[in-house]
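Since the model is a prediction, treat every value here as computed from it, not as a measurement.
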Amino acid sequence: MYINLKEKEKIKQKYYPLYLKRNKGLKKIFYKKFINKYQNIDNIINNHNELWLKEKENLLDNKLDNFQKKAVLAEEENTLILAGAGSGKTLIIVSKISYLLKKGVLPEEILCLSFTNASTNDLNKKLKKYNVKALTFHKLASKVIRCYGYNYKIVKDDVLLKIIDKEVNYYEIKDLIKLNFITLNKGQDIINMHNLMFKESLEYNYFRKTIVSFINLFKNQNYDISKFNEFKTNSKRINKYILLIKRVYIKYMTYLKQENLLDFNDMINKATDLVKKYGYYNYKYIIIDEYQDTSLSKCLFIKALAVNSKVIVVGDDWQSIYKFSGANLEVFRNFKEYFPYTKVFKLENTYRNSQELLTLMTNFIMKNKYQLNKKLISNKSILKPIKVYYYDNNQTKLLTKILDSLKEDYIILGRNNDNINLVPKKYQKKFMTVHKSKGLEASIVVIINLEDNALGFPNKLVSDEVLRCILPKEDALAEERRLFYVALTRTKTYNILLVNKDKPSMFVNEIIRDYPEYIEIIN
């Protein structure tokens, strides 16, 4: 049998007292033999496991490399599979499920989860023949809640916005959003005019989005209302902002309770509470894709479900790009704290990018001090995997010329949705944002609007400082760096970067400065 980390600890605990007694009457010859074995127990167990894995390879129905085989066959209590871009994350999940079924595990004893409808649909196409269906977290939460006879409806998106509109007026929050209207003598007509003016402003729209983001992040971390007391700062503005958000939060939660409504965050938290109180189906294995996108509330949901389950997660912290949607990288980095007896497997062979691009992008991403280190290996070589084109004023004209010349399949990536307006209409179906491109690949990737401004790449539009109270503490551009990594690793050959000549992206300047040998500049 395979000896996992939990069983290894039991073995050590069993024989450790004998190890301590080595000088208390044990025969010398036995003492030497035993001490030698005890001190080398890790090597002995590792060699045993290697032989066991070798015998089980015949149960695999896919061609896997050595890194992938070890991750699929290992029988650890819990497993974190640390993957790289193009290293076969989906293949690992499908292979693991196939292996478990061949071992005699029933399909209904396996829970497979991912984060979006798109990713679960993709998984389900590959899992169809195995009779195992992947679910989103929210779909699973809905099943749990309804299992206990709780009937509910999902709240409409605009309800929270309407509560904000009702709760605030210009005179209360003008110092929070820093609007400068002409000061007039107060009268009801003037108050109404000011309210109308500021509620139609871009600043007010940004203010509303900030409150919505804060409340969603608050609920994503499964905080209770007492947490608001911990957000006090030395800033009068922030403290006032927090009090206002708390007031809106209380009104919102009261409304949901009165109307028997849940939002998507509530679904996860409600399901977690029910599972903790009453239990749920006793899965043997819980397998999660894209684990780097996990929020704390989703992690706690899985922990509640996994009382008697082995948890297997696959993810890449270098591709964690949903911080503002609640993704908490600490949940990924500290996986062992939530799920003890975890063994980490690294998928270091990659099959999409060239070694030159991987070398460049590994060094680039590791400038984020909290990323987990891994060495990515490819047998593909492309000496200049990045081609830089500079534009003056007419980016669209240059883009048209480049796209007209391409023969291979390609995608066009932009940092923001409105970048599509820079793409000629006949090519717009090839455009997507970098966020939407995650998981995709193409022979050539064209990245546009690489310029140094608030809405360029990296995006420098600074979120209101009130969100810093609740967002993970990391460098301001850490997520933008991960997003740039995602963009450049979609290619199977090379990237084409369209860069503003007068205001070039700081990321482009950085890679040209640090890795000129891998970059071709085309004037």
Heavy-atom closest pair, residues L113 and I286:
CD1-CG2, 4.5 Å
Sub-3.5 Å donor-acceptor pair from the side chain of N220 to the main-chain atoms of S325, do we have one?
yes
Examine distances only and state if a side-chain atom of N416 and a backbone atom of L455 form a donor-acceptor pair shorter than 3.5 Å.
yes
Does K54 NZ have over 12 foreign heavy atoms under 6.0 Å away?
no
Taking the ring centre of each residue, are F339 and F335 less than 6.0 Å apart?
yes
More than 12 heavy atoms of other residues, nucleotides or ligands under 6.0 Å from CG of D157: yes or no?
no
Donor-acceptor check, side chain of Q428 to backbone of I420, threshold 3.5 angstrom: yes or no?
yes
For the backbone of D317 and the side chain of S320, can you confirm whether one donor and one acceptor N or O come within less than 3.5 Å of each other?
no
Using a distance-only test with no angle check, is there a side-chain donor-acceptor pair under 3.5 angstrom linking Y322 and Q292?
no
Over 60° means perpendicular and under 30° means parallel, so classify the ring planes of Y291 and F332, tilted if in between.
tilted
In this structure, is the centre-to-centre distance between the rings of F214 and Y249 below 6.0 Å?
no
Any side-chain heavy-atom pair from Q371 and L329 closer than 4.5 angstrom?
yes
Strictly distance-based, threshold 3.5 Å: is any side-chain N or O of N328 a donor or acceptor partner for the main-chain N or O of S295?
no
Taken to the nearest 0.5 Å, the spacing of N66 CG from N349 CG works out to 8.0 Å
If you measure only the distance, is there a donor-acceptor pair under 3.5 Å linking the side chains of T433 and N417?
no
Please report the shortest heavy-atom distance between L422 and L399, naming the atom on each side.
O-CD2, 3.8 Å
Tell me, do K56 and K103 make a side-chain contact under 4.5 Å, heavy atoms counted?
no
Geometric cation-pi criterion K430 and Y410, 6.0 Å radius, 45° cone
yes
List the steps and the verdict of side-chain hydrogen bond (donor to acceptor under 3.5 Å, both in side chains) for N265 and N216.
CA-CA 7 Å; N265 295 307; N216 282 329; 3.0 Å; yes
To the nearest 0.5 Å, what is the distance between CD1 (I321) and CG (D293)?
7.0 Å
Ionic contact status for R237 with D464, cut-off 4.0 Å
yes
With the threshold set at 4.0 Å, does a side-chain nitrogen-carboxylate oxygen contact exist between K374 and D316?
yes
Can you see which heavy atom on C469 is nearest to which on K473, and at what distance?
O-NZ, 4.0 Å
Mark yes or no for whether H138, through its side chain, and F264, through its backbone, hold a donor-acceptor pair below 3.5 Å.
yes
Check whether more than 12 heavy atoms from other residues, nucleotides or ligands sit under 6.0 Å from atom CG of D404, and answer yes or no.
yes
May I ask you to decide whether K70 forms a salt bridge with E50, counting only side-chain N to carboxylate O separations under 4.0 Å?
yes
Residues T90, L123; criterion side-chain contact (heavy atoms from CB on, under 4.5 Å); working and verdict
CA-CA 7 Å; T90 303; L123 264 174; 3.9 Å; yes
Take atom NZ in K133; do more than 12 heavy atoms of anything else shown fall under 6.0 Å from it?
no
Gap between atom CG of D65 and atom CG of L91 - 0.5 Å precision
9.0 Å
What's the spacing between K380 NZ and S354 OG if we round to 0.5 Å?
7.5 Å
When you measure from the side chain of K346 to the backbone N and O of N373, does any donor-acceptor pair fall under 3.5 Å?
yes
Is a side-chain donor or acceptor of S98 paired with a backbone partner of V94 at a separation under 3.5 angstrom?
no
For S297 against I268, the heavy-atom pair lying closest together
O-CG2, 3.6 Å
Pairs involving residues 481-490, ordered by first then second residue, that meet salt bridge (charged side-chain N to carboxylate O under 4.0 Å, His left out) (sequence neighbours left out)
E474-R482, E479-R482, R481-E510
A quick test of your reading: do over 12 heavy atoms of other residues, nucleotides or ligands sit less than 6.0 Å from CG of N394?
yes
I want to know whether F484 and F457 have ring centres closer than 6.0 Å.
yes
Y494 ring centre to K387 NZ or CZ under 6.0 Å, with the angle to the axis within 45°?
yes
Working note: V388 + E520, criterion side-chain contact (heavy atoms from CB on, under 4.5 Å); need CA distance, chi angles, decisive distance, verdict.
CA-CA 6 Å; V388 174; E520 180 182 0; over 6 Å; no
With side chains defined as the heavy atoms from C-beta onward, is the minimum distance between S381 and Q355 less than 4.5 Å?
no
Would you say NZ of K384 has more than 12 non-hydrogen atoms from neighbouring residues, nucleotides or ligands within 6.0 angstrom?
yes
Centroid-to-centroid, F507 to Y485, below 6.0 Å?
no
Using a 4.5 Å cut-off on heavy atoms from C-beta on, say whether the side chain of Y338 contacts that of T294.
no
Taking only Lys NZ, Arg NE, NH1 and NH2, and the carboxylate oxygens of Asp or Glu, determine whether K460 and E480 approach each other closer than 4.0 Å.
no
Would you find a donor on one side and an acceptor on the other, under 3.5 Å apart, between the side chain of T350 and the backbone of R352?
no
Smallest heavy-atom separation, F115 atom then K298 atom, equals CE2-CD, 3.5 Å
Find out whether F301 and N222 are in side-chain contact, i.e. whether some heavy atom of one side chain is under 4.5 Å from a heavy atom of the other.
no
Spell out, as yes or no, whether a donor-acceptor pair under 3.5 Å connects the side chain of N368 to the backbone of Y370.
no
Under 6.0 Å from the NZ atom of K102, do we count more than 12 heavy atoms belonging to anything else shown?
yes
To the nearest 0.5 Å, how far apart are CG in L372 and CG in L80?
8.0 Å
Please assess E517 against E356 for the test side-chain contact (heavy atoms from CB on, under 4.5 Å), listing each intermediate value before the final yes or no.
CA-CA 9 Å; E517 67 272 26; E356 290 81 1; over 6 Å; no
Do Y390 and L398 have side chains that approach each other closer than 4.5 Å (heavy atoms only, starting at C-beta)?
no
Pairwise side-chain contact, I110 with L101, heavy-atom cut-off 4.5 Å (strictly under)
yes
Is the closest side-chain heavy-atom distance between L467 and Y241 below 4.5 Å?
no
Closest heavy-atom contact between Y130 and I97?
CB-CG2, 4.4 Å
Please work out which of the three classes, parallel, tilted or perpendicular, describes the rings of Y223 and F218, given edges at 30° and 60°.
perpendicular
